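Since the structure is predicted, the reported quantities are computational estimates derived from the model, not experimental observations.
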Amino acid sequence: MLADSAADSTAPTFTLPTTAADVTDTTRQAAGWLDENWQGWVVSGLRIVLIIGLALVLRAVVSKVIHKLVARMGRPAAADDDHGVLGGLLANSGVVNTERRQQRSEAIGSVLRSVASFTILGTASLMALSVLGVDLAPLLASAGVAGVAIGFGARNLVTDFLSGVFMIMEDQYGVGDEIDTGVATGTVLEVGLRVTKLRGASGEIWYIRNGEVKRIANMSQGWGTATVDVQVGYKEDLERVELLVTETAEQLAKESPYDELIWGRIKVLGVESVSVDSVQLRIEARCTPGRSAQVSRALRVRLKAAFDLAGVKLKEEAAVTVPAQPTALEILPPSALADPNSARSLAAKPIPTQN
């Protein structure tokens, strides 16, 4: 009780002015306090305005640099044009079209702009709080602890994000590609920084986290291979068959739409297997990625028609053997337990004498 009384006696008391003298003293104190602090307020405000202005200018400059970088990465490279490291970052051996390069570069530019904006504006905010007199040590310590906790708790999210960034940069796949991720196979519907969406062969949709993909097989990138195995008779002239296959394939490659689907000359690789009654030849054609099945089916139809017209047999016919008719010597007498009405018993029955 005594301590509480002592504390109450030492605490400052605030009372409303009741007289003219009190009002004058209070006004004089307020004016003096404003006179002592207004310069500091103006300086702090100017510093904050300067920090914000510099941050906005720096953000605009960085965004402009990123925009030029993205435009340079997305620009198609000519045969005699050397763009250096930046120009060849998205080249991918020259198998990616211009639209694909532009989509990738825009995605990378969006990520870089977001990271740059977060870093610049975050730093400017901390500097402004420091100007206002806020102690940043507890704030930074709390942010560090929170960052470590979030890092451990959301490590899968960070892994997915980083994997998505590198997938886009390296152009491992894009929208419309037919890919095999090991866990699912299908057509890419959407490529995100965290999740990739696939459409399976049966119509199902797969949502695959980018961090879980260990290997990717892209069947729509570069070029595809159409492979056809042709079976002909064992006694057929293979040189004549190869010449017929070559002529049929060349004729197919000149017709629309296969003149754009088939890249290069269709090759007869040679004999793949030999059996008793047939010989199997393998034919290979380089074609547009994702169209190998279409080219293979069309080539099989044309080869079948050409073989029928040229009289090429697909298989040697086996000789038909007629079973020999049983002779009279092969007809044995029936046993004692045989059916007397059976065909064997009637054949062995003596001919009755006629009176």
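Here Leu50 is tied into one hydrophobic group with Leu54, each link being a pair of ILVMFWY side chains closer than 4.5 Å.
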**Q.** Candidate pair Thr181 and Tyr173, rule side chain to side chain donor-acceptor pair (under 3.5 Å), full reasoning
**A.** CA-CA 10 Å; Thr181 62; Tyr173 53 83; over 6 Å; no

(Q) Assess the residue pair Leu244 and Phe307 against the criterion (side chain to side chain contact (heavy atoms under 4.5 Å, CB included)); give the C-alpha distance rounded to whole Å, side-chain angles, the decisive distance to 0.1 Å, and a yes or no. (A) CA-CA 8 Å; Leu244 181 61; Phe307 287 170; 3.5 Å; yes

Q: For the pair Val271 and Leu238, evaluate side chain to side chain contact (heavy atoms under 4.5 Å, CB included) and give the outcome as yes or no after the intermediate values.
A: CA-CA 9 Å; Val271 178; Leu238 296 183; 3.9 Å; yes

Q) After noting the C-alpha distance and the side-chain angles of Trp206 and Val195, does the key distance pass the side chain to side chain contact (heavy atoms under 4.5 Å, CB included) rule? A) CA-CA 10 Å; Trp206 295 88; Val195 175; over 6 Å; no

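With sequence neighbours excluded, no residue forms a salt bridge (charged side-chain N to carboxylate O under 4.0 Å, His left out) with Asp237. Looking at residues two or more places apart in sequence or on another chain, you find no side chain to side chain donor-acceptor pair (under 3.5 Å) involving Glu239. Residues passing the side chain to side chain donor-acceptor pair (under 3.5 Å) test with Lys267: none are found, sequence neighbours excluded. When the salt bridge (charged side-chain N to carboxylate O under 4.0 Å, His left out) test is applied to Arg265, the partners found at least two apart in sequence or on another chain are Glu250. Under the side chain to side chain donor-acceptor pair (under 3.5 Å) criterion, Ser117 pairs with Arg59, sequence neighbours left out. Residues satisfying the side chain to side chain donor-acceptor pair (under 3.5 Å) test with Ser63, not counting sequence neighbours, are none. With sequence neighbours excluded, no residue forms a salt bridge (charged side-chain N to carboxylate O under 4.0 Å, His left out) with Arg199. With sequence neighbours left out, Lys197 forms a salt bridge (charged side-chain N to carboxylate O under 4.0 Å, His left out) with Glu190.
Cluster membership for Val228 and Val274, using ILVMFWY side-chain heavy atoms within less than 4.5 angstrom, is shared. Taken together through direct or relayed side-chain contacts under 4.5 Å among Ile, Leu, Val, Met, Phe, Trp and Tyr, Leu299 and Leu269 form parts of separate hydrophobic clusters. Val57 is not connected to Val62 by any chain of hydrophobic side-chain contacts under 4.5 Å among Ile, Leu, Val, Met, Phe, Trp and Tyr, and they are in different clusters. No continuous path of ILVMFWY side-chain contacts below 4.5 Å connects Ile266 to Leu243, so the two sit in separate hydrophobic clusters. Neither Leu112 nor Val65 shares a network with the other; the hydrophobic side chains, linked directly or stepwise wherever heavy atoms of I, L, V, M, F, W or Y lie under 4.5 Å apart, form separate groups for each.
Minimum heavy-atom separation, Val245 to Ile283: CG1-CD1, 3.2 Å. The shortest heavy-atom contact between Asn210 and Ser163 is O-CB, 3.6 Å. Scanning all heavy atoms of the two residues, the minimum distance from Ser292 to Cys287 falls at CA-SG, 3.6 Å. The minimum heavy-atom distance linking Val268 with Glu242 is given by the pair CG1-CG, 4.0 Å. Taking both residues in full, the closest heavy atoms of Arg215 and Gly182 are given as NH2-CA, 3.5 Å, listed atom of the first, atom of the second, then distance.
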Tabulate below the donor-acceptor pairs under 3.5 Å that side-chain atoms of residues 253-264 make, not counting sequence neighbours, or state none.
| from | atom 1 | to | atom 2 | distance (Å) |
| --- | --- | --- | --- | --- |
| Glu255 | OE1 | Arg302 | NH1 | 3.1 |
| Glu255 | OE1 | Arg302 | NH2 | 2.7 |
| Glu255 | OE2 | Arg302 | NH1 | 3.4 |
| Trp263 | NE1 | Glu260 | O | 3.2 |
| Trp263 | NE1 | Thr288 | OG1 | 3.3 |

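Taking 4.5 Å as the limit, every side-chain heavy atom of Lys214 sits out of range of all side-chain heavy atoms of Val183. Within the 4.5 Å cutoff, the side chain of Val213 has no heavy atoms near those of the Thr196 side chain. Between Met167 and Val191 there is no side-chain heavy-atom pair separated by less than 4.5 Å. With contacts defined as side-chain heavy-atom distances shorter than 4.5 Å, the pair Gln172/Asn218 does not qualify.
Rounded to the nearest 0.5 Å, atoms CD1 (Ile66) and CZ (Arg113) are 6.5 Å apart. Atom-to-atom distance recorded for Thr248:OG1 and Lys304:NZ is 13.5 Å, nearest 0.5 angstrom. Rounding to the nearest 0.5 Å gives a distance of 11.5 Å between CD1 of Ile205 and OG1 of Thr187. The line from CG of Leu198 to CG of Leu189 is 7.0 Å long, rounded to the nearest 0.5 Å. Going from atom CD of Glu212 over to atom OG1 of Thr159 covers 10.5 Å, rounded to the nearest 0.5 Å. Between atom CG of residue Leu121 and atom CD1 of residue Ile52 there is a gap of 9.5 Å, rounded to the nearest 0.5 Å.
Here salt bridge (Lys or Arg N to Asp or Glu O under 4.0 Å) pairs that include residues 286-299, with residues two or more places apart or in two chains, number zero. The salt bridge (Lys or Arg N to Asp or Glu O under 4.0 Å) pairs that include a residue from residues 271-282 are Asp229-Arg282, Glu272-Arg282, Asp277-Lys315, where partners are two or more places apart or lie in different chains.
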